[in-house]
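Okay, structure first, notes after.
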Number of protein chains: 2
Amino acid sequence: MPAGSDLFLRMAWQRMGPSIADVAKLAGVGKGTVSRVLNGRPGVSEQTAAKVRQAIRQLGYTPNVQARRLAQNKSDLICFVLSNRDFLHEFHSLVLKGVESYCSKVGRDLVFALWRYPLDGNLASVVPPRIIANRGSVDGAILAGANHIECVKAISKLGVPCVAFGNNLIGCTYLSEVDSVWYDEQPGTREAIRYLASLGHRHIRFAANISLPWFARNYRAYSEAMLDFGLAPALIAVNDTTDYVEIGERAVQELLDSGEPTTAIFAGNDVVAVSVIRALARRGLKVPRDISVVGFDDSPRCIECDPKLTSVHVPKEALGAECARFLIEKISAPGRVSGARVVSTHLVVRESCAPPRQTS
Amino acid sequence: MPAGSDLFLRMAWQRMGPSIADVAKLAGVGKGTVSRVLNGRPGVSEQTAAKVRQAIRQLGYTPNVQARRLAQNKSDLICFVLSNRDFLHEFHSLVLKGVESYCSKVGRDLVFALWRYPLDGNLASVVPPRIIANRGSVDGAILAGANHIECVKAISKLGVPCVAFGNNLIGCTYLSEVDSVWYDEQPGTREAIRYLASLGHRHIRFAANISLPWFARNYRAYSEAMLDFGLAPALIAVNDTTDYVEIGERAVQELLDSGEPTTAIFAGNDVVAVSVIRALARRGLKVPRDISVVGFDDSPRCIECDPKLTSVHVPKEALGAECARFLIEKISAPGRVSGARVVSTHLVVRESCAPPRQTS
DNA sequence: AATTACTGTGGAACCGGTTCCAACGGATGC
DNA sequence: GCATCCGTTGGAACCGGTTCCACAGTAATT
């Protein structure tokens, strides 16, 4: 492009809009003044500002984002990284929604990236997503999906501020090992047990694959709640599959085979719960008449099944929003904030629980 | 920051990495040469290139993306816009997955944005998402979710290359009115009708709210297929609600009230289909023994319900990938490609259909 | 030996903003 | 009347890349 070419030439040659210099020239002021008006900084007389605004309108001027980013050495971009998930399931869709909603409120945009690596394998060869590795690409990252804690630390060490979704962290020994946001299973779980107990249930069993950390955490919360209410925790473990539907089916089979008295099932999540209900139905057992079922997550499918599922609500959007808030605090005050943040859960009562049948 | 400050000062003061000038100085070459090496351009001797690579390694240099973007006037960023959807449901999650997978293959990153506007109201006051309006922010946009065709045209007129998801376009009178990617309902629908007919069904009714354009398109495909097989199309319209679950329930009620002979229901989508199955079950009718049901979309819930749902598969990932491919072609060859592209559908047979009961 | 051709290479100019400093003009104070 | 101060303002320098032109060597040609 020819040096010093004027606006007309530039626009004709490439699809390039007017620049701040064109505005300045038309308004008869300096570049600095236009910049001040654009960013609402003080120190410009109303008269001059009006001239500038007029020129901006006349040219249809829009600031070039890249140039601003270069000059300010920041991008106003947040990266949402979904790790080791085949795609965005309902849960993370809602987390993303919370993140998006907070980000758009504070004028930041969202980059979406996937990240895959062996969660159990050799972590030494794991490379961060390109967008994170490129310096200056994004101001920070939210690590959602399932991550190994060492990979979160690795991203941090790259100098990119980041916040992780806590409950799916692998290898994390204590809450605040990395900056993270968690949902607390306890409040909702306690409510669920109290509710079942108040209906008269005594034999409430937990069904899941507790080799998966999130189920393990739920199970611990369940156990504590049971003990608090003077009840004996009991587990139906299906630890050799990660297919939630299969976990539900096999749990029912195992339960019926064992013949142990059971009046209610607390499922590790909603998919397991729905699968449990269907497996029970196939064996002629009706929910909640013959047995009560409680799910975990409060996903949309709770109201799409019959009976509608009583479930522990996880505030997914709030979780996402909290991740975003935390990250943006970290970005604007590096080193000033850190630790773990927690959002609460609560029970949503629907139709899948009833008083236990009078034992024959 | 002081002018001409050296690397050490810059890194100490702000968290700023080494720049291309630092690499050039260390390697004893010019900036241009370093740039040539970085971008793998010819015209650099192997000896010099080696020196440069050594210096890059020594400093741990990473190029600054923003600077590159400014100089090249492109961002390598694609925007995925989800319009008028409360969040990413399964369908669009999979479309997004297809987009992501194609983009990451060709080295582009993905920005995620939501866009809300009244689809029927006053379109004059609709403002495009900030990220699109900002010149230079993204190279192009994929408009997913439900869009009004005038809004797609408005984005185009801003000079931002874009491709829209076709099937949810409002106000679109012919396929190639804007650059778009569609799934073709016909092949899968014909397969479904042929399959039902081959089982012996003659009275197959379509259930949906056909005031919604996507259902209207499905209905048209259904009607054509029915006629082709010498059968009479019949509609159960529930046009006064957009709640899919309610559509299913009310359709069943209407069907039973009418008393018209019906041996199979072709639902507008899977959510409607599942709702139909449940509503039938509540009235003591079992699928597929008493009546057959076919869904549309082939969503995950097809295998999470009982019986597993036979459904017309929409290749959502392929659709997303095609959007991305189309857009990137538009970006690299402006004005050279345009029109509508189509991906096909096909039937996936599961458990929800059987030969019709011998009429009593 | 002089001319031509070609390969490498340095570096100035440029992308389009932000930031900061010097300077200007008018009002105020003495 | 002169010094001081403050609100405005222009513009140079800068952010960190890319691009392109000019030019130095060296090899090939005449």
Side-chain angles (χ1 to χ4, degrees), chain A residues 1-5 7 9-11 13-25 27-52 56 59 61-76 134-137, chain B residues 1-5 7 9-11 13-25 27-52 56 59 61-76 134-137:
Chain A
M1 155 146 9
S5 60
L7 173 59
L9 265 182
R10 278 216 318 284
M11 295 194 60
W13 191 5
Q14 265 190 7
R15 281 196 282 93
M16 281 185 150
S19 81
I20 204 171
D22 301 313
V23 174
K25 204 193 301 173
V29 303
K31 282 170 61 176
T33 303
V34 177
S35 175
R36 280 184 283 262
V37 172
L38 281 172
N39 297 294
R41 274 192 241 295
V44 181
S45 72
E46 181 46 41
Q47 193 182 347
T48 312
K51 272 195 303 185
V52 171
I56 287 175
L59 291 173
Y61 166 80
T62 335
N64 181 308
V65 184
Q66 313 291 1
R68 188 200 300 258
R69 288 176 180 168
L70 173 58
Q72 302 200 134
N73 191 32
K74 62 168 192 157
S75 67
D76 282 341
N134 282 344
R135 198 160 34 83
S137 238
Chain B
M1 156 149 2
S5 59
L7 174 58
L9 265 180
R10 279 215 318 283
M11 294 194 61
W13 192 2
Q14 266 188 8
R15 281 197 281 93
M16 279 183 153
S19 80
I20 203 171
D22 302 313
V23 174
K25 204 193 301 172
V29 301
K31 283 170 61 177
T33 302
V34 176
S35 175
R36 279 183 285 262
V37 172
L38 280 172
N39 297 293
R41 274 191 240 296
V44 181
S45 72
E46 181 46 42
Q47 194 182 347
T48 312
K51 272 195 303 184
V52 171
I56 288 174
L59 291 173
Y61 166 80
T62 335
N64 180 308
V65 184
Q66 313 291 0
R68 187 200 301 259
R69 287 175 181 168
L70 173 59
Q72 303 202 133
N73 192 33
K74 62 168 193 155
S75 65
D76 281 341
N134 282 344
R135 200 157 33 82
S137 239

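Sequence lines set the chain letters: A, B, ... in the order given, protein chains first and strands last, and positions in each chain run from 1.
- Of the listed nucleotides (C/dT19, D/dG17, C/dC15), D/dG17 has the atom at the smallest distance from the side chain of B/Pro63.
- A sub-4.0 Å separation between OP1 or OP2 of D/dC15 and a side-chain N or O of A/Arg135 is absent.
- Residues A/Leu38 and A/Ile20 are in side-chain contact: their nearest non-hydrogen atoms beyond the backbone lie under 4.5 Å apart.
- Straight-line distance from the CZ atom of A/Arg68 to the C1' atom of C/dT19: 14 Å, rounded to whole Å.
- Side-chain atoms of B/Arg36 do not come within 3.5 Å of backbone N or O of B/Ala49 as any donor-acceptor pair.
- The distance between atom CD of B/Gln66 and atom C1' of C/dT18, rounded to the nearest whole Å, is 14 Å.
- Per the geometry, CD belonging to B/Gln47 stands 14 Å off C1' belonging to D/dG25, to the nearest Å.
- The closest side-chain heavy-atom distance from B/Arg69 to A/Ser137 is below 4.5 Å.
- Between B/Asn64 and B/Ser19 the shortest side-chain heavy-atom distance does not fall below 4.5 Å.
- Separating the CG atom of B/Asn64 from the P atom of D/dT18 is a distance of 10 Å, rounded to the nearest angstrom.
- Atom-to-atom, CG of A/Asn134 to P of D/dG17 comes out at 11 Å; the value is rounded to the nearest Å.
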Completion exercise
Its contact letters, B for base, S for sugar-phosphate only and - for none at protein heavy atoms under 4.0 Å, make nucleotides 7-12 of chain D read -SBBB-
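- In terms of phosphate contacts, A/Arg41 brings a side-chain nitrogen or oxygen within less than 4.0 Å of OP1 or OP2 of C/dT19.
- Looking at the side chain of B/Ala71, the nearest of the listed nucleotides D/dG16, D/dT19, C/dT18 is D/dG16.
- With hydrogens and angles disregarded, no donor-acceptor distance shorter than 3.5 Å links the side chain of A/Gln66 to the backbone of B/Ser75.
- With 3.5 Å as the limit, one finds no donor-acceptor pair spanning the side chains of A/Arg68 and B/Asn134.
- For B/Gln72 and D/dG16, the CD to P distance is 17 Å, given to the nearest whole Å.
- Atom CD of B/Gln72 and atom CG of B/Asn39 lie 7.0 Å apart (nearest 0.5 Å).
- What separates CZ of B/Arg69 from P of C/dG17 is a distance of 17 Å, to the nearest Å.
- Atom P of nucleotide C/dG16 and atom CG of A/Leu38 are separated by 15 Å, given to the nearest angstrom.
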